Amino acid sequence: GCQHNTTNQKSELPSGIIIMALALHPMSSLPTIRLHFGKRLWRSSARSYDTELQRCRPEAALVEFGDYHPLKPIMVTDTKTRHGARKGSTSSSSSSSSSVAPDPLSSMLDGTDPLSMFAAASVIEAPAMSHSDLGRKRKEKEEEAVGPDFETWSSKRGEILARFTTTEKLSINLFMGSDRGKAPSPGSSAVSEKVRTRLEELDDLEEGSQKELLNLSQQEYANRIEELNQSLKEAWASDQKVKALKIVIQCSKLLSDTSVIQFYPSKFVLITDILDTFGRLVYDRIWTMCSDPRPLTDSFTVEDVNDTAKETCLNWFFKIASIRELLPRLYVEAAILKCNRFLNKCGIPETLPRLTAMIRGIGDPLVAAYARAYLCRVRHAPTIQRVPVFPHSALLLNSVMRAFRPEFVAARATDFIGMIKDCDEAGFPKHLLFGALGRSLACADPPESERLTILNEAWKVITKVCSPQDYVICAEIWVEFTCRHFSKREVNTVLADVIKHMTPDRAFEDAYPQLQSVIRKILTYFHDFSLLFSMERFLPFLDMFQKDSVRVEVCRSIMDIFIRHQEEPSRDPVILNAMLHICKTMHDSVNALTLEDEKRSLALLIIGFIRMVSFGRDFEQQLSFCVEARATFCNLESVLVQLIHACAAYSFITIPSLSSIFSRLSLYLLSGQVALANQCLSQADAFLKAAVSLLPEVPRSISVEGKLRSSESFLMDFINNFLATLLVVPDHPEHGVLYLVRGLLNMVQDYTWEDNSDAKVRVYISALPLLAAMSQETYLYSIPKVDSNETLYGGDPKFLSEINKLSETLIGQILDHLKALGRDEVRQQPLAFSLFGVLLAHGDLRNNKLSQLAVNLWNLSHKYGHCETRVSVRTLECMKHQAQQADMTHLSDTVQRLALQSRT
């Protein structure tokens, strides 16, 4: 029975299995509890794992997918009334009467968000296409004429602005004219008077007062330039053409300032935007004047332009010619360069040389270079046909191929080859030109019909190069083109040619970087290793890497690609022999001076190869491979560990040779599990017994990454894993019931644990769920074709009695430890709560004594407030939920006796 005494007298101990009393702290307000139990305290609760699994699954709710939408409660389903509402209205009608608060995203679902409203309004109010729009479309057509592979200025512009930035302070010099720049009086109509007045206006610009804005940030500078751009458009719209010209001249002068040189490219982009705007406005104005009586076509000629438009066009050129300073005069005339079409059929070709010659007068080389760039851009001359390539211009041709985009060069590769043939080799070798061409073709694809011709023409020149260094540099470039577009036959031919050139006089020793690059490029495009190793010249090519460090690095790169791209295990003898050779090369590079990280890296690559080898059901071949691999890779312990995983036949004799005791323990357990999975019961028994026998040798501390750490946590993890395995291990007919469990517990009891450690008791607590699971009629898990104790004993009462006795012994040991802890409630209470959880989950609490023990453990674990209240509350809720089930009603009485103790 259960007695509550407040005295300190000792209770009489009954014979048989005794469960010691729980001695509560004498300072507690609760009385000291003494529990006297008879025999047979422990009895496992019968469990149906399938039923418990069904209870844990959430209830499925049927959903009508036709009407289902996660945002349905807030969706607006009727938007017709909004179309007639005023622009600023926010009202809308909805067929939903839900009381859910309106979601700000709901307006997006019916297409009536503010941005959509503005977009719709802009479509409705959009005016007819203006002449400027026509001009833009003409410009787009002209840009399209250069080809789709040409990089447009609009895309390049954004890159420049994002790349060339600065944190330095900037300044703008603005020249502000006086009031003399107004239009002439109405009475003055003579042409000479107009010319004189306009010239005075331009002089006023140059002679007026100067306004300098200092200490501007980059953003402020860009804002000022944008303001000038807007001022230009406004002046033009208000028919103040001279003022617009003044603004353009002011902006052009800013390009002479190179004080903040890293920002100059972005300044060039911002100011040329204004020049482009001005040039477009002038062109569109003259175009408009030519549209009477009928508009011009895109292919108009000078004969189609009327006299008024020609006179206006000439007037603009005269105004610009009167600008005194060179730089603004050059930029402004370049901006309206296209207007020469209205004057002369050959106006642009005649003007370009003159403007080019003017640039020679600019003293600053940076300013001159960007002036040339602007002149090229406004001319729209990106095509190779417009680049003057003359005989003996190999240097120029090389610059063109390097400067232009690869897509542009690749599309005209045949033309470039023809020009390369016509070049004189005296000034610039042809193989360098083919190298420049090959770099472009490695990034972009030429037309498919021309690829073989391109390769043949290029290799005719490359193979004649006498210098091995020049040859390998050029060949390395063209290997990528060959791999991208051709099969192994062409690649094998290229490799043979490389070997032919680099073998004499051991020239390969001076070209390891280029030869490594060749290997990397081949591996980039060839991931089928059966195809790769079938090339006759691939392995001889690898033999050229005579330097140990380089050879190992090449082998590593091959293994890395193999592991990443080999999707299925292989048994191809060609692959296996070649990869074994490569792995052996890496393994043989290991010596006493090799760093641990290097060993680990090499081992991982070799392990990756071993994992990709499979002979299916041909165990003899698999065993033969493992034997060969074990002999080949004996210097890398982690590789040996992997071989143990792959070859259980040699595990038992190989594991003892490992230095790490935890590697030996885990491999013994893993080998035993593999043996069980393959119905090798005697081998499994030997592995598990070896693991148990090894436990006393586990040191109390081990070295982890160069630091000493306690081995207790590692040992606990191993024992828990071992206990989980023992559920499916059948008893040996000659060694008695539960001999492996008893052997493990005896080793745990005899092991020298750390001082003040509760690890041994925690192992005992972990063993109780195993014993409870062993007493079930059907085990939680099993191994196919292996008869566990559930089948061997079939629920025999003697077997169950042995389980109960062992469980009661473990509980006694745990309670003794709890009593010995005494005042150490920090250690005592978590252990008590852990034991309470085991009794709740696995014990049959219909037994009054076991139920009373569970209540006492609960009280002890909550006595000093060290238990988390949240965990305790959830535990009580779980017990109340279980008590509602038909077969668990006995928990109701236990729950009523459990109380939460206040921390105070």
Side-chain angles (χ1 to χ4, degrees), residues 127-142 181-205 231-249 274-323 328-352 354-355 378-380:
M129 185 176 293
S130 62
H131 291 290
S132 61
D133 296 328
L134 291 172
R136 279 194 296 272
K137 286 193 171 293
R138 288 196 299 271
K139 182 178 179 181
E140 291 172 0
K141 290 181 179 179
E142 290 173 357
K182 295 182 180 179
S185 61
S188 176
S189 58
V191 176
S192 59
E193 181 66 21
K194 291 181 179 180
V195 173
R196 184 180 63 82
T197 304
R198 290 174 180 174
L199 290 176
E200 289 178 353
E201 292 171 349
L202 295 178
D203 290 340
D204 179 52
L205 171 66
S231 299
L232 168 65
K233 296 177 182 179
E234 293 171 0
W236 190 273
S238 60
D239 203 25
Q240 300 182 50
K241 304 299 187 297
V242 174
K243 181 179 179 182
L245 180 58
K246 289 180 180 181
I247 294 174
V248 176
I249 295 173
I274 298 179
L275 291 168
D276 293 342
T277 301
F278 176 74
R280 184 172 63 253
L281 292 173
V282 173
Y283 187 89
D284 290 346
R285 171 175 168 77
I286 301 173
W287 175 281
T288 305
M289 298 175 68
C290 297
S291 300
D292 189 18
R294 63 181 184 275
L296 290 178
T297 61
D298 291 338
S299 59
F300 73 91
T301 61
V302 177
E303 290 76 14
D304 299 328
V305 182
N306 56 43
D307 294 338
T308 303
K310 289 182 179 179
E311 181 182 357
T312 303
C313 186
L314 278 172
N315 189 25
W316 276 109
F317 280 108
F318 289 154
K319 290 179 182 179
I320 294 170
S322 64
I323 301 175
R329 183 169 72 251
L330 173 66
Y331 269 106
V332 178
E333 183 173 357
I336 66 167
L337 179 67
K338 196 167 59 171
C339 293
N340 280 281
R341 290 187 62 192
F342 297 108
L343 300 177
N344 192 341
K345 182 184 298 184
C346 301
I348 295 178
E350 292 176 355
T351 304
L352 278 175
R354 178 175 58 81
L355 294 177
V378 297
R379 180 62 184 91
H380 292 296

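For this chain, numbers begin at 1 and follow the sequence in order. Being a predicted model, the structure only gives us computed values, none of them experimental. For the numbers below, each heavy atom of this structure counts, side chains included, while hydrogens, waters and symmetry mates do not.
- When all heavy atoms are compared, the tightest approach of Cys290 to Asn306 is CA-ND2, 3.7 Å.
- Here the straight-line distance linking atom CZ of Arg285 with atom OG1 of Thr312 works out to 6.0 Å at 0.5 Å rounding.
- One finds the CD atom of Glu234 at 8.5 Å from the CD1 atom of Ile247 (value rounded to the nearest 0.5 Å).
- In this structure, Tyr283 OH and Asn340 CG are separated by 11.0 Å, a value rounded to the nearest 0.5 Å.
- Applying the 6.0 Å contact sphere to NZ of Lys310 captures more than 12 heavy atoms from other residues, nucleotides or ligands.
- Remark: Ala244 pairs with Leu232, Ala235, Trp236 by the side chain to side chain contact (heavy atoms under 4.5 Å, CB included) rule, at least two apart or across chains.
- When all heavy atoms of Pro328 and Ile323 are compared, the closest pair comes out as CG-CG2, 4.1 Å.
- Leu245 CG to Ile336 CD1: the interatomic distance, rounded to the nearest 0.5 Å, is 9.0 Å.
- Here the shortest heavy-atom pairing between Cys339 and Val282 reads SG-CG1, 3.9 Å.
- When every heavy atom of Phe300 is checked against every heavy atom of Phe342, the shortest pair comes out as CZ-CE2, 3.7 Å.
- In this view, Asp304 and Thr301 satisfy the side-chain hydrogen bond (donor to acceptor under 3.5 Å, both in side chains) rule, not counting sequence neighbours.
- Atom CZ of Arg341 and atom CD1 of Ile286 lie 12.0 Å apart (nearest 0.5 Å).
- Shown here are the side-chain hydrogen bond (donor to acceptor under 3.5 Å, both in side chains) partners of Glu311, two or more places apart in sequence or in another chain: there are none.
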